[in-house]
**Student:** 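Take this structure, written in structure tokens, and hold onto it; I'll ask about it next.
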Amino acid sequence: MQFIEGGVTAAKGFLAGGIHCGIRKNKSKADLAMIFSKTPCAAAGVYTQNLVKGAPILVTRKNIADGRAQAVICNSGNANTCNADGEKKAWRMCEIAGEALGIDPHDVIVASTGVIGQILPIAPIENAAPALAALLNENGSNMAAKAIMTTDTIEKECAVKITLGDKEVCIGGISKGSGMIHPNMATMLCFVTTDCAVSVPMLQKAIKAAADTTFNMISVDGDTSTNDTLAIMANGEAGNEEITEENEAYKTFLEALTAVCRKLSMMMAGDGEGATKLLICKTTGAKDWETAKTVAKSVICSSLLKAAMFGEDANWGRVLCAIGYAGADIDINKVDVSFKSAYGQVDVCVNGAGINFSEEEAAKVLHEKEITILVELNSGDAEAEAFGCDLTYDYVKINGDYR
């Protein structure tokens with residue numbers, strides 16, 4: 001497996017682009033994205049578990065219930081959620097994309113992100129769609145990635161290349177997410193494309209499995225969003241033998257898909273609103289994956305721990321506290337904790353008790369931009385990772401005047 005450039009246009013047959021249509025007041029920010037496959041695709045998706053769901057999710061679910069899609073249209077600046085006309089507007093976006101691209105509107109994945117509860121103006125999308133469709137190209141992934149951003153500070157895209165049989169297969173994705181991020185699923189939109197030939201059941205199985213160990217392991221602020229969508233389209237243009245069962249080809253495909261999702265997850269967590277550090281909690285030595293997952297999530301969700309990481313304070317007691325209320329069946333007297341970064345590693349707790357360490361050296365470890373919190377449970381072989389960020393003054397500033 002090799003990481004490559006290209007994002008959602010790395011795979012054969014996919015075009016993408018982004019444009020400013022007028023939903024956002026700032027004309028320098030693109031706010032409408034499209035992704036298009038020259039040929040029909042197998043499609044699958046996973047969505048937010050919030051009971052409040054954006055209208056685009058309801059429409060997208062219906063559209064890809066048959067396992068088919070050929071395009072994505074997504075606006076930023078307005079979430080089209082909690083609006084009486086939301087579903088009508090979301091479907092109209094599908095019609096607009098269908099008209100602009102010359103495809104069935106039922107084969108369109110639609111998404112929106114931004115402020116909740118404000119009426120989505122449809123005229124800007126209608127007016128801009130033909131021009132957007134005309135500028136779609138094989139190098140347009142970055143344009144699309146920028147167009148789906150809200151409070152994100154960087155665009156997020158990733159792609160990998162693998163070999164299945166004698167065929168080269170590419171998988172690429174773009175995502176957005178910075179605030180209102182908490183499992184299950186984050187405030188995220190993620191669109192993945194691949195030229196792999198894979199059946200709809202296997203595609204759905206793979207995207208769910210990849211989400212469980214990546215996107216569902218992110219937390220920035222504890223708020224589960226209303227519009228989370230992770231959708232994948234596979235057009236089969238790589239020409240590999242179609243994956244129809246859990247064989248070696250499926251395992252290779254899943255590994256590559258998970259790598260893309262993990263990279264995008266880390267980019268989202270590190271770009272959390274106001275964040276200065278990416279936090280990774282790696283739990284090892286658990287009796288099973290559920291235990292490892294529960295512990296890692298609990299640590300990464302702790303506001304006290306996140307604040308300590310912002311302050312570069314090796315307050316390991318907050319890690320143990322979060323482990324203690326996680327609800328996992330563990331022996332706290334076996335737990336070891338360390339902090340690790342590019343600077344080095346400092347061990348702070350062994351067998352559930354503090355040990356002597358240099359606060360000065362610990363502060364240097366925590367001064368780096370990426371911090372790994374190592375939690376060893378000493379009770380088995382299972383492990384899991386969760387991703388988050390520090391909690392800073394700017395998070396409150398950003399969300400205090402979001403509208």
Side-chain angles (χ1 to χ4, degrees), residues 8 15-37 43 45 47-48 50 52-65 68-136 140 143-152 174 176 180 187-191 225-229 231 233 402-403:
V8 290
L15 311 174
I19 199 171
H20 175 80
C21 73
I23 294 174
R24 301 173 75 104
K25 294 178 182 178
N26 187 341
K27 294 183 179 179
S28 68
K29 290 190 174 183
D31 54 11
L32 187 65
M34 267 188 192
I35 304 168
F36 175 61
S37 172
Y47 313 92
T48 184
N50 195 320
V52 179
K53 290 179 173 58
I57 289 179
L58 305 179
V59 173
T60 293
R61 275 180 162 169
K62 292 176 184 176
N63 281 0
I64 68 171
R68 286 174 50 88
Q70 197 169 347
V72 173
I73 184 169
C74 175
N75 74 273
S76 60
N78 187 308
N80 191 17
T81 298
C82 300
N83 295 320
D85 65 350
E87 243 183 293
K88 180 180 178 181
K89 294 281 183 66
W91 171 245
R92 179 60 190 141
M93 286 180 65
C94 295
E95 291 181 324
I96 292 167
E99 292 162 5
L101 297 169
I103 62 173
D104 187 333
H106 293 93
D107 290 336
V108 176
I109 292 167
V110 60
S112 299
T113 183
V115 178
I116 294 170
Q118 294 187 355
I119 301 298
L120 174 68
I122 203 70
I125 299 173
E126 288 176 328
N127 295 335
L132 176 54
L135 64 77
L136 298 182
M143 296 168 62
K146 287 179 177 177
I148 65 174
M149 292 166 59
T150 49
T151 56
D152 306 63
I174 60 171
K176 63 81 51 182
M180 200 184 282
T187 182
M188 57 161 283
L189 297 177
C190 180
F191 308 114
S225 176
T226 60
N227 285 51
D228 304 335
T229 298
M233 296 191 295
Y402 181 66
R403 293 197 303 160

**Student:** By side-chain contact (heavy atoms from CB on, under 4.5 Å), which residues pair with Met143, not counting sequence neighbours?
**Tutor:** Leu135, Asn137
**Student:** Restricting to pairs with a member in residues 73-82, which pass salt bridge (charged side-chain N to carboxylate O under 4.0 Å, His left out), not counting sequence neighbours?
**Tutor:** none
**Student:** How long is the span from the CG atom in Asn75 to the CZ atom in Arg24, to the nearest 0.5 Å?
**Tutor:** 10.0 Å
**Student:** Among all residues two or more places apart in sequence or in another chain, which pass the salt bridge (charged side-chain N to carboxylate O under 4.0 Å, His left out) test with Arg92?
**Tutor:** Glu95, Glu99, Glu126
**Student:** Using a distance-only test with no angle check, is there a side-chain donor-acceptor pair under 3.5 angstrom linking Lys176 and Ser76?
**Tutor:** no
**Student:** Quick one: list whatever passes side-chain hydrogen bond (donor to acceptor under 3.5 Å, both in side chains) with Thr60, sequence neighbours left out.
**Tutor:** none
**Student:** Please list all pairs passing the ring-ring contact (aromatic ring centres under 6.0 Å, His included) test where one or both residues lie in residues 108-127, with sequence neighbours left out.
**Tutor:** none
**Student:** Of the non-hydrogen atoms in Val110 and Ala90, which two are nearest, and what is the gap between them?
**Tutor:** CG2-O, 3.8 Å
**Student:** Would you compute the distance between atom OG of Ser112 and atom CD1 of Ile23 and round it to the nearest 0.5 angstrom?
**Tutor:** 7.0 Å
**Student:** What residues, two or more places apart in sequence or in another chain, satisfy side-chain contact (heavy atoms from CB on, under 4.5 Å) together with Ala69?
**Tutor:** Ala43, Ile64, Ile109, Met233
**Student:** Considering residues at least two apart in sequence or located in another chain, which fulfil the salt bridge (charged side-chain N to carboxylate O under 4.0 Å, His left out) criterion with Arg61?
**Tutor:** none
**Student:** Test of understanding: with side-chain contact (heavy atoms from CB on, under 4.5 Å), list the residues that count as partners of Lys62, not counting sequence neighbours.
**Tutor:** Glu87
**Student:** Residues in side-chain contact (heavy atoms from CB on, under 4.5 Å) with Lys89, at least two apart?
**Tutor:** Asn80, Asp85, Ile119, Leu120, Ile122
**Student:** Keeping to residues at least two apart or across chains, list the ring-ring contact (aromatic ring centres under 6.0 Å, His included) pairs with something in residues 84-113.
**Tutor:** Trp91-His106
